[in-house]
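Taking it in order: structure first as structure tokens, then the write-up.
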Amino acid sequence: MRNIRIMTGAASLIAIGLVSACSSSSGSEESSSDASGEYEVYALLPQGTDQPYGTTYLPAMEEEAAKNGINLTITNSQYDADRQASDCRVAVAARPDLIILWPAVGDTVRPCLAAAQAADIPVTVTNSDVNPGDKDLTAGYSGPDTYGQGAASAEIMCELAEGNPTNILMVNGLTGNSTAINRRDGFVETIEAECPNVEILAEQPGNWNKDDSQTVTSEMLTSVGAENVDGIFAADDTMVAGAIDALRAQGIDPQPLLITSIGNTELGNPLVKSGDLDGTIFQSSSWDGQNAVLVASQVLAGETVEEDLFMPSVKVTQENADDPEVAPEW
Amino acid sequence: MTTSQTMSLGEATTGFSARLRAALGRRTEWRAIILLVLVVVGALIFAPTVFTAYQVTLGFVALIGLIALGLTAVILMGELDLSVASTLAVSGVVMAMVPNIFLGVTLALLTGLVIGAVNAFFVVKVGINSFIATLGMLFALRGLAFVLSDAEPVPLTDIEAGISFGMPLIGPITPRIVLFVLVFIALHVFVTRVRAGREFYAVGGNRQAAYDAGIPVSRRLFTGFMISGFVAALAGVINTLELIAADPTAGSTALLASFAAAIIGGVALTGGRGSIVGTLLGALSLGILGVGLTLAGVQVDIQQIFIGSVLFIAVITDPASLRAAAGSVVTFLQSRKSQTAV
Amino acid sequence: MNRSTSEPAGPVVIEAESIVKRFGGAVAVNDVSISVRAGEIYGLVGENGAGKSTLMRILAGILRPDEGEVRVEGKALHGGAKAALEAGIALVHQELSLVPEMTGAENIMLGSFPTTAGFIRSADMKKIAADAIEEIGVQIDLDEPIVRLSVALRQFVEIARAVARKPKVLILDEPTATLTPAETDHLLAMLQRLAAKGLSIVYISHRIPEIFSICDRVAVLRDGNLIEMMDIGETTPDDLVDKMVGRDLKLDLQIHRESNPGDVVFSARGIHAPGVDGIDLDVRAGEIVGLGGLVGAGRTEFVRAALGVDPKTAGTVTVTTDGRSTKIATYRAAVRNGVAYIPEERRTDGLALNMSVADNIALPNRARLSTGSVLKPKMIAEFATNLADSVGLRPPDIRRDAGEYSGGNQQKVVIAKWLGREPRVIVLDEPTRGVDVGAKTEIHRLIRDLADRGAAVLVVSSDLPELLDLSDVVHVIRDGRIAGTLSGAEADEKSVMTLAAGGRLVEAS
Amino acid sequence: MTETATPRETPTRQAPSETGPSQRRAALLQWIAERGIFVFTALLIVFAAIFVDGFASTVNITDVFHRAAPIGIVAVGMTFVVISGNYLDLSVVAQVATSAVIFIGVSNLYGIPLAVGLAVLVALLYGAVNGVAVGYFKANAVIVTLATTYVGLGLLRWLSGGSIFFGPPDGPIRAMGQIRIGPLPLSMIVLIVMALVLAFVLNRTTFGFMVRCVGSNKEATRLAGVSTPRVVLGAFVITALAAMIAGFVLAAFSNTAVSTMSSGFEFRALAAIIIGGTSVFGGRGSILRTLLGVVFVSVLTNILVLSNISFGWQQIAIGALIAAAVSVDALARRAAQ
């Protein structure tokens, strides 16, 4: 008797939870269908409101979708490739008009693209591109060139180094993360090709965190000897802010050092203005989110799209740091 | 009564409801069934696509359920294996590093077996609590995956094999689903029909009795951890084939989801209680819930709140937990009584 | 009722020769030889601690004898429990060794599932299990998990497991402790049937009537020695009890304490709980009340339910101190009102073995050893040292872990920690079990001192001399009820044993 | 059941008559298990000071402190849960991040006092939910705190939108993060103060005493008249409050807060506790041990980074270290029997 009472109790509890959440979810469905969506589109993202970039990317994306009469369903695989593959299968099964894909791990998306093609669902890619070999399965790409950003940051570094022997430290993103890998590769390969006079003395992951970056930078300074270090490259502005703090904490003036990064965020832009950060690459999350939908709607309308719509990898230095077109967004 | 003595030793199982209760009480899966019914009803109302696209749902269930099945073998013996997610990553990397696909699969599965044996060694021979031993492995294997792969995804050499692996075999059934069903059947048969597997319950339920009855407890523990390692490696192989690349960070969401599936399925962490069917039901409910919420466009954050709440309710509605809490309430009420009654 | 002793004796199946077993310094079994013939039921009686269980564990290969050997059908037994099992010796343990979530059939066949290529032949398994159940004549749903069966049924499953192995020798250690009279009768009849088929049975019991009802021969063990072995026809219940308890009476020579009990301090009314079937009991200030009875009679269960340690289904307990009566509903309320409980299982329930003696003593006294919930280490050390001295802890090093001490000293620590609270009611469950003679005497002194200082003392003991020696009043518990009450003067070992065993035979005599 | 199946009078203390090689080995293992962490930490520091360039510099010591502080504050708090015999509190991940985000996010809008007040409330809520489920419902701590981690992180991201929060560059929080006394950053001082306070609570208060007793023998503690569920609840509340302070420290150090900043804290804190020699079975252990465990892991990681060893190898080293630490403990325990 007691068992049954307990079971009903538990059941009703779960039921209440389920109903309330389902109603909230159906609520969001209604609100999006209020925009009288003509097109159903799935956006398979590896991040959402769990990451700062996604937090500013999403509103721009949703706003643009509403403007274009696109009904968006957004998933977040938290950078788990298996989870994204599963999201992809869900999306293909839902038979949307188009899928927007932000690959969690670039090497792993081919089966997803193949499945979409088999189901006649066009796929556009956003934020980080698929492998060259998989391009024929996609209808277009918009976003930053993560490799190119690393390369551009390296170009700034090369210019600053002016051919002098320069020793730098490198702070990478989260180990194994595809953006982290691409930016690092772009930076390292460009340095090797264009200015071999720049030597990377040490590298450690800063995990996209300011505090982790500050600690490892400080440790790397100790490791190689602070006096031997002429510059720092960090894979994003948050981490470069940590690296600059580490320099200051050791009583080293960051001004004469060659420091570059990627982002031009609200954290990085003031550092550029103050001259601590010599150069960064502007990445507009809102551009990224907005153009993901723009490319998608062009494809849906049957217009021809460029194969790659690269976010301008604007190099931001002290001269143009105040320009409105590079106003930091996050 | 076959004997002259009339011995009414049995429980009073007269009347339909009493017998029904007895039959229900025998099962350990009722919480999973309730949840499954609720989830199915909810999905029918709010996201019927879950069922029209059943192959997707099945695929998702297979994704979170496969590791949970292997884990159940270990939990039935009252032990834990936290290293499964890292095992998945390492075996995937091992597989992708080998150019020959068959050799790669073999090596990857072997890796899983070896990891299971190492876990069992620490637990059985050294005598470390399995929670801690596998925690160490969780770190070490993740590190190993990074070291082997140079912290980058390792693309499969034979991409075509991978692509064809991900394609449906019969109707909408992909090899992943087939393998999942096979593992389910194999493990279910193993713990219900095979002597060694059935004895897992004895090892988890009353280890001393198992020793006394002459059951080779150490060998059973080795078997259990190796099953868990093998199944995790199989999941790694499937993922790598389907994704045509091995990701050293893989499995980040697998560990917790697997635990949740087993716990919701009524598998007791203290050992000796639960079933493979229960884990399947747990995986089914979580899978349908996950796909349903995704199809309904619910953000991951809210999905997590959901899954966490379900897990929380599942763990505190365990009969033993409810008894303990009821006992506390009774004690509290009575302690008030004993103070007032002077 | 007696089996005829003139039955043709079969060949000797199992024999133990000159078995000696020591634990540390103590000799548990001292040069004991027994032999059991085919088709014979061999009774083994003795008080608690006489060495019966140790001897049985040696026969079953679980323990290795220090001297002597066990032979089965003339062949010496080597190689532990497994070898003994293969040689045909099956032991039904006192402790249930069942797997709760496995079915009856599986438990009966545990460790010897019939298999083909590793697969269980479940029809065969059920068949063998059903046969075993049939053999012992009970009806059990073999598909039910054990956890859903009653305690009595579990005991029968345990016996069925032994029977299913088709043993030559079946050893039962107190199998009736948890059974009702009807169930006991059934079990005894079943054993006789098995013996008639040629099985040798070694039957250990405290209950004299059972011995007389089924055994062919009976051996008496006392303090590890084999006192006598006789045909059942050669003895009487009286004689047997005499032989069991007949010890040198040195311990008994201690004079009874002068007691002049005051008002009732501890009063239990209508206590019902699993295994307890309505017990009323009063303990007065300065009085020592003893609870006697057989193992499983419900003494421990009563004490735990009355104090609120385990839940009770009905009944009230009142503690009266300084003219103020308080109904005790929970264990913590009991402790608050001056009750001290010294549990049966010292190592698991009584002490934190890997904490120091000082910490163990401080635990129930933490309130008085702290100011504003900050502990005062100096005060604790002083307090613990004093108490350790007063209970005679040796060596008196309060910083050592409790687990490093011997059983007797551990028990002194348990008593010391409660002494600090100056309890008004103190309940001791088997206070000197596993304790050496010296410590035992000291513990008895402590218990008497407590009573002399006006505490109400309730002692549960299976050690008859101890019970009689300490108690002003003895209640004998049988089947969850008070079977009889004896005043200190009229209680002797025989009267207590008689009430506890409760057999018709003895009552008739 | 009365008849002693176990030896009647087993003196657990072994006669020190013979000291054979096996006994000496047992004694050595025992000694290592008891004092190992002190020796290993000392050896590691001496080794590093001699062989690793730059290790002994003031700057580097500060870095070690920075590494140690937030994880150490979580670990000294979580020691209470571990000693009480409940394995660990996985939800510290969610707790630290929530506290950090509240600390920066709410103080930007409403000022620091309100932020701190809110953080305290949230911490108490975490402690209460975990503690009631584990203490009163006797539910398994791993599963309970796994569930609260899911819910907690989900709520945090849902409510905060996952943004990165930073305080004004010249604000009080940043100033806090930069205070230092000699080579000691404020975070390290907080850790030391926390360790002292919690060591006092664990060793010198009746509550701490009961936590140790519950972990050592729950039933004996209950029979001494202690409400064991309440003690477990208290242990989870202390852990939650420590995690809250760790969140403050983490936020103040970088003047930023984001919901991902504490990922991996749960297992890293547990690893430090275990390496320190606190038993996961409860009862045995101390705050000082946890502190040493934290120092050991931080110094080791620092050495590996100084030697430019990659992240993968760092993980392998920590995993191997856990295995080694608990193996010694397990072998010593076995040898003692």
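Chain identifiers are assigned alphabetically (A, B, ...) following the order of the sequence lines, protein sequences preceding nucleic acid strands; residue numbering begins at 1 within each chain. The shown structure was predicted, so the numbers you read here are calculated from the model rather than taken from an experiment.
A:Glu62 pairs by the salt bridge (charged side-chain N to carboxylate O under 4.0 Å, His left out) definition with nothing, not counting sequence neighbours. Partners of A:Asp322 by salt bridge (charged side-chain N to carboxylate O under 4.0 Å, His left out), not counting sequence neighbours, listed by chain and number: A:Lys273. Listed by chain and number, the residues in a salt bridge (charged side-chain N to carboxylate O under 4.0 Å, His left out) with A:Asp82 amount to none (sequence neighbours excluded).
The OG atom of D:Ser263 sits 7.0 Å away from atom CG of A:Leu174, with the distance rounded to the nearest 0.5 Å. How far CD1 of D:Ile164 is from CG of A:Asn209: 8.0 Å, rounded to the nearest 0.5 Å. Here the OG atom belonging to D:Ser57 is positioned 10.5 Å from the CG atom belonging to A:Leu221, to the nearest 0.5 angstrom. In this structure, OG1 in A:Thr215 is found 10.0 Å from CG in D:Asn302, a value given to the nearest 0.5 Å. Taken from CG in A:Asp211 to CZ in D:Arg67, the straight-line distance is 10.5 Å, to the nearest 0.5 Å. Distance check: D:Leu306 CG to A:Gln204 CD gives 9.0 Å after rounding to the nearest 0.5 Å.
Only the side chain of D:Val258 has a heavy atom closer than 4.5 Å to any heavy atom of chain A. Contacts of A:Leu58 with chain D are absent, with no heavy-atom separation under 4.5 Å from either backbone or side chain. Heavy atoms of A:Gln47 lying under 4.5 Å from chain D are absent altogether. For chain A, the nearby part of D:Phe166 is the side chain; its heavy atoms alone come within less than 4.5 Å. With a 4.5 angstrom heavy-atom cutoff, D:Leu153 does not touch chain A via any of its atoms.
Between chain A and the residues D:Trp158, D:Phe55, D:Phe311, D:Phe165, the most heavy-atom pairs under 4.5 angstrom are made by D:Phe311.
Between the side chain of A:Glu219 and the backbone N or O of D:Ile303, no donor-acceptor pair lies under 3.5 Å.
A 6.0 Å sphere centred on CG of D:Asp53 holds no more than 12 heavy atoms belonging to other residues, nucleotides or ligands.
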Passes side-chain contact (heavy atoms from CB on, under 4.5 Å), A:Ser218 versus D:Val59? Steps please. CA-CA 8 Å; A:Ser218 186; D:Val59 171; 4.0 Å; yes

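Closest of all the heavy-atom pairs between D:Asn308 and A:Glu203 is OD1-O, 3.2 Å. A:Ala249 and D:Arg180 get closest at one heavy-atom pair: CB-NH2, 4.4 Å.
Applying a 4.5 Å heavy-atom cutoff, the residues of residues 234-245 of chain A that approach chain D are A:Thr238, A:Asp245.
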